[in-house]
Structure formats: structure tokens, C-alpha cells
Asker: 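Quick one: the structure is below, and I'll ask about it shortly.
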Number of protein chains: 2
Amino acid sequence: MAVDRKKLILEAAAKSFSMFGYKATTMDQVAKIANVGKGTIYTFFKNKEQLFDEIITGLIMEMKLEADASFDPNSTFMDNVHRTIMRMLEYRKEHQLTIKLFEEQKEMGTLEVKEVINRLENAILNYMKGHVQEAINKGEIKQCDPELTSFIIFKLYISLIFDWEKNHTPLQAEEIALTVERSLLEGLSIR
Amino acid sequence: MAVDRKKLILEAAAKSFSMFGYKATTMDQVAKIANVGKGTIYTFFKNKEQLFDEIITGLIMEMKLEADASFDPNSTFMDNVHRTIMRMLEYRKEHQLTIKLFEEQKEMGTLEVKEVINRLENAILNYMKGHVQEAINKGEIKQCDPELTSFIIFKLYISLIFDWEKNHTPLQAEEIALTVERSLLEGLSIR
DNA sequence: TACTGACCATTTTGTTCATATAGTCATTTT
DNA sequence: AAAATGACTATATGAACAAAATGGTCAGTA
């Protein structure tokens with residue numbers, strides 16, 4: 001084959017979604033950037049949403065690789081959680097696509113974007129679940145429901161990073177680590 | 001005095017806000033229900049928002065009384081937190097005004113309603129802060145920042161009650177209590 | 001056979017205009 | 001004189017309609 005048209009389309013769409021978001025990206029636009037007839041897009045993708053989904057699938061895979069890369073087998077469970085979540089946050093800030101998507105969710109509430117962000121969140125939770133289970137097996141943390149525990153850890157981080165600063169001065173990465181360590185890992189009770 | 005016009009207006013407004021929400025309540029409406037000329041409202045309240053604010057102030061005071069009433073000096077700190085948060089949830093479900101308000105926030109995103117809900121949340125956090133400080137003083141929980149700790153406890157409850165059920169079967173009150181106890185109070189580390 | 005872009009049915013956006021509403025203030029009531 | 005009122009005004013809202021844009025199709029082309 002001369003050119004991989006599917007790849008061209010995926011790249012064009014990723015570019016356009018990154019620049020304009022989901023709603024403001026038109027299929028004509030994508031076709032033009034990809035140097036492809038509009039109809040061609042529909043030979044590879046059922047519709048706009050599926051095209052979007054495939055791009056997000058790629059994004060999730062890439063983030064998984066990043067997460068795996070930031071894992072340090074010599075660190076404690078909580079250190080790994082902290083480092084990886086902070087890495088994911090960095091990733092989000094470095095990539096135009098994620099920036100644009102969270103913007104669009106916030107100010108337009110586009111349904112498809114909401115769904116995609118939900119998918120991303122579930123991917124993270126699922127990934128964490130595996131590591132929580134591992135930590136339990138290794139005896140690093142006590143017996144607990146891995147799904148519920150991942151959920152709690154994740155929500156705690158989100159709250160500390162994004163919600164706390166709505167009414168207070170933002171917490172530094174180290175303050176966050178310390179707070180999670182003291183409240184969630186050690187617990188509030190007196191030992 | 002023959003009639004307390006300010007009280008009449010407050011009652012009328014509370015009724016209308018409860019029935020129709022903030023946006024859909026008109027000042028003409030309030031004047032009519034209160035049997036008062038519209039201009040009279042503006043002799044007691046600077047504008048619609050301030051009228052709304054005064055009603056919310058009353059709501060917060062009432063909730064505070066409910067919270068105080070549910071406090072049991074013989075119970076543990078966490079038991080009191082749990083019982084009181086659950087009581088506040090009940091209160092929210094029993095009062096048309098709070099129901100309507102959260103509805104309006106969700107489906108219309110009215111700015112004034114957002115602000116008011118934020119005020120309510122801050123009142124709760126502030127109230128909790130006092131009790132956290134007390135628990136520290138009594139040696140019930142370990143030394144920690146009362147503001148940050150209240151925030152964490154509150155957010156954890158909100159997550160477990162409202163967010164968990166977006167993708168899972170809702171947790172029962174007792175499961176929530178147990179989860180908070182095990183994760184936040186005791187901590188995830190092995191003792 | 002793979003690809004294309006003119007075409008169509010729907011949605012979205014822009015515009016106009018009548019209605020509704022928050023807030024004012026001259027007048028009336030007490 | 002003080003308190004209360006409701007007609008009045010400037011602005012905001014939204015209904016109704018028209019125009020433009022857009023997702024998706026399919027007959028035709030290379």
C-alpha cells in the first residue's frame with residue numbers, strides 16, 4: 001500500500017480534537033487535514049464518536065505505559081501510588097488533547113467527552129485495583145476490597161489536588177503525600 | 001405593630017424557593033404570596049440574592065441545631081461523625097427547599113444556587129472542624145490539621161455516598177461506616 | 001475495489017421581537 | 001412623617017423563524 005489511510009485519519013483527528021475539542025472538530029475538517037475524502041473516514045470508523053473512542057483508547061494505552069514506567073519495585077505501595085498519580089497529572093498537563101478535553105467537559109459538558117473521561121477514570125481505577133491487590137498479597141497493606149480501596153485512594157487524591165484549592169491555598173506535592181500517608185495509610189486513631 | 005412584614009416576606013420567599021427554586025421564583029410572586037407590595041420587599045432586602053441568602057442563613061442554623069441534637073457525648077468521635085452526616089442527609093431529603101436547590105444546581109447550574117451550596121458546605125466543614133479539634137484535645141484521634149482532616153472526612157463520605165453508586169451498587173449506611181472506620185480511622189497499613 | 005465529494009436530513013447557530021422580570025420611585029396610606 | 005405600594009423602566013429571557021453548518025450516505029469515479 002502507498003499510504004495507511006486509517007493512520008492518516010487517526011492522526012488528523014487527534015490533531016483536530018487536540019486543537020478544537022470534540023464538538024468543534026468537524027468531519028470535513030478531519031478529512032481535509034488527513035488529505036482524504038470524507039467518505040473514506042466512514043470506511044474505517046462507524047461514526048465520529050467511534051473515531052474519538054479509538055483515539056482515547058490510544059491515549060489510555062500510552063498513559064498505562066507511562067504508569068508502568070513510573071513504577072519502582074523497591075518503593076513502598078504508597079510511594080508508588082503517589083509517584084504514579086503525580087506522573088499522570090503531569091501527563092495530563094503536557095498533552096493538548098487531555099487539556100482540551102477537560103476544558104470542554106467543564107465549560108460545555110459535552111456528553112461524549114463526559115463518557116470518555118469516565119472511561120479514562122475507570123481505566124485508572126482498574127489499573128490501581130491490580131496494584132492494590134498485589135500490595136495485599138505482598139502483605140504491604142491489610143486485607144480490604146481492592147476496588148473500594150482504589151476508589152478511596154483515587155478520590156482522596158482528586159479532592160486534595162483539585163477541590164482543596166477551591167477554598168484554600170493549593171497543597172504542594174509533598175504535603176499531599178504526607179497527608180495521604182498520615183490519614184489513609186496510618187489512620188487517624190492513636191496507635 | 002399589626003403584622004411583621006419582614007417575616008411574612010421571608011416565609012413567602014421560603015415557600016416559593018421551595019416550590020419553584022431560585023430562578024423560577026419572581027419577586028412579584030413573593031410579594032403576592034406575602035400579601036405585600038413589591039416595593040416593600042426592597043425596604044427589608046437589598047435584592048433577590050440577599051433575600052435568598054437570609055433564608056439560607058436560617059436553613060444553616062436549623063441544620064446546626066439538628067447536628068447538635070444528634071451528638072452523643074458517650075459515643076466515639078467517628079460514631080458521632082457518621083451519625084451526624086447521615087442525619088444531615090436525611091434532613092436534606094426531608095426538606096423541599098434543599099431538594100429543589102440541589103436539583104437546580106444539577107440541571108441548571110444557577111450561579112446563586114452554586115454559591116449558596118458552597119456556603120452550606122463551608123458551614124458543615126467549619127462545624128466539623130470544631131469537633132475534630134475537640135477529638136484531638138480529648139486524645140481520641142491523633143494530632144492533625146483539623147481543617148484538612150474535616151475536609152478529608154467530608155469528601156470521603158460524599159464520595160462513598162454519591163460517587164460510588166455512579167458505577168456500582170449503592171453502599172448501605174453500615175458499609176459506609178465500616179469502610180470509613182477501616183480506611184480512615186485504622187488506616188490501611190498493617191499494625 | 002477503494003475512494004471520493006456532492007448531496008440530504010438534522011442540528012446548530014444567529015436574529016428578531018414580544019414577554020417577563022428585577023429593581024426604582026413618585027404617589028398613597030397609615 | 002414614616003411606611004407601604006404598584007405603575008413604570010431598563011434589561012434579560014426565550015419563542016419563533018431563517019440561515020448556516022454538520023454528520024453521515026451513496027452514486028459515481030479512478
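Quick note on labels: first sequence line is chain A, next is B, and so on, each numbered from 1.
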Asker: Can you check the B:Gln29 CD to C:dT21 C1' distance for me, whole Å?
Answerer: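 In whole Å, C:dT21 C1' lies 12 Å from B:Gln29 CD.
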Asker: Round to a whole Å and report the spacing from CG of A:Asp4 to P of C:dA2.
Answerer: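 Value for this atom pair: 14 Å.
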Asker: What's the CG-C1' distance between B:Leu111 and D:dT13, to the nearest Å?
Answerer: 17 Å
Asker: Could you tell me how far apart B:Ile9 (CD1) and C:dA22 (P) are, to the nearest whole angstrom?
Answerer: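 Atom-to-atom, B:Ile9 to C:dA22, this comes out as 14 Å.
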Asker: Check each residue of residues 34-51 of chain A for a non-hydrogen atom within less than 4.0 Å of any atom in DNA chain C, then write out the ones that pass by number, or none.
Answerer: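 Contacting residues: A:Val36, A:Gly37, A:Lys38, A:Gly39, A:Thr40.
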Asker: How about CD on B:Glu174, more than 12 heavy atoms from neighbouring residues, nucleotides or ligands closer than 6.0 Å, or not?
Answerer: no
Asker: Is A:Lys138 close enough and on-axis enough to A:Phe77, meaning under 6.0 Å and within 45°, for cation-pi?
Answerer: no
Asker: Rounded off to whole Å, could you give me the NZ-to-P distance for the B:Lys32 and D:dA4 pair?
Answerer: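 For the pair B:Lys32 NZ and D:dA4 P, the rounded distance is 21 Å.
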Asker: Measure from NZ or CZ of A:Arg5 to the centre of the six-membered ring of A:Phe44, then state whether that distance is under 6.0 Å and the direction lies within 45° of the axis.
Answerer: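 Output no; distance or angle outside limits.
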Asker: Output yes when A:Arg87 and A:Glu66 qualify as a salt bridge under the 4.0 Å nitrogen-oxygen rule, no when they do not.
Answerer: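 A:Glu66 and A:Arg87: salt-bridged.
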Asker: Looking at CG of A:Leu111 and CD of A:Glu49, how far apart are the two atoms once the value is rounded to the nearest 0.5 Å?
Answerer: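 So the CG of A:Leu111 and the CD of A:Glu49 are separated by 7.5 Å.
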Asker: Closest heavy-atom contact between A:Ser16 and A:Ile33?
Answerer: CB-CD1, 4.2 Å
Asker: Measure from CG on B:Leu8 to C1' on D:dT5 and round the result to the nearest Å.
Answerer: 15 Å
Asker: Over 60° means perpendicular and under 30° means parallel, so tell me whether A:Phe52 and A:Tyr22 are parallel, tilted or perpendicular.
Answerer: tilted
Asker: Is it true that B:Glu54 and B:Lys6 make a salt bridge, defined as a side-chain N closer than 4.0 Å to a carboxylate O?
Answerer: yes
Asker: Can you see if the side chain of A:Arg5 gets near the phosphate of C:dA2 - specifically, an N or O under 4.0 Å from OP1 or OP2?
Answerer: no
Asker: Could you state the atom-to-atom distance from NZ of B:Lys6 to P of D:dA3 in whole Å?
Answerer: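 Atom-to-atom, B:Lys6 to D:dA3, this comes out as 14 Å.
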Asker: How are the rings of B:Trp164 and B:His168 set to each other: parallel, tilted or perpendicular (split at 30° and 60°)?
Answerer: parallel
Asker: Can you pull out the residues from residues 15-26 of chain A that lie within a 4.0 Å heavy-atom distance of DNA chain D?
Answerer: A:Thr25, A:Thr26
Asker: Provide, to the nearest angstrom, the distance between the CD atom belonging to A:Glu112 and the P atom belonging to D:dG23.
Answerer: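 Between P of D:dG23 and CD of A:Glu112: 11 Å.
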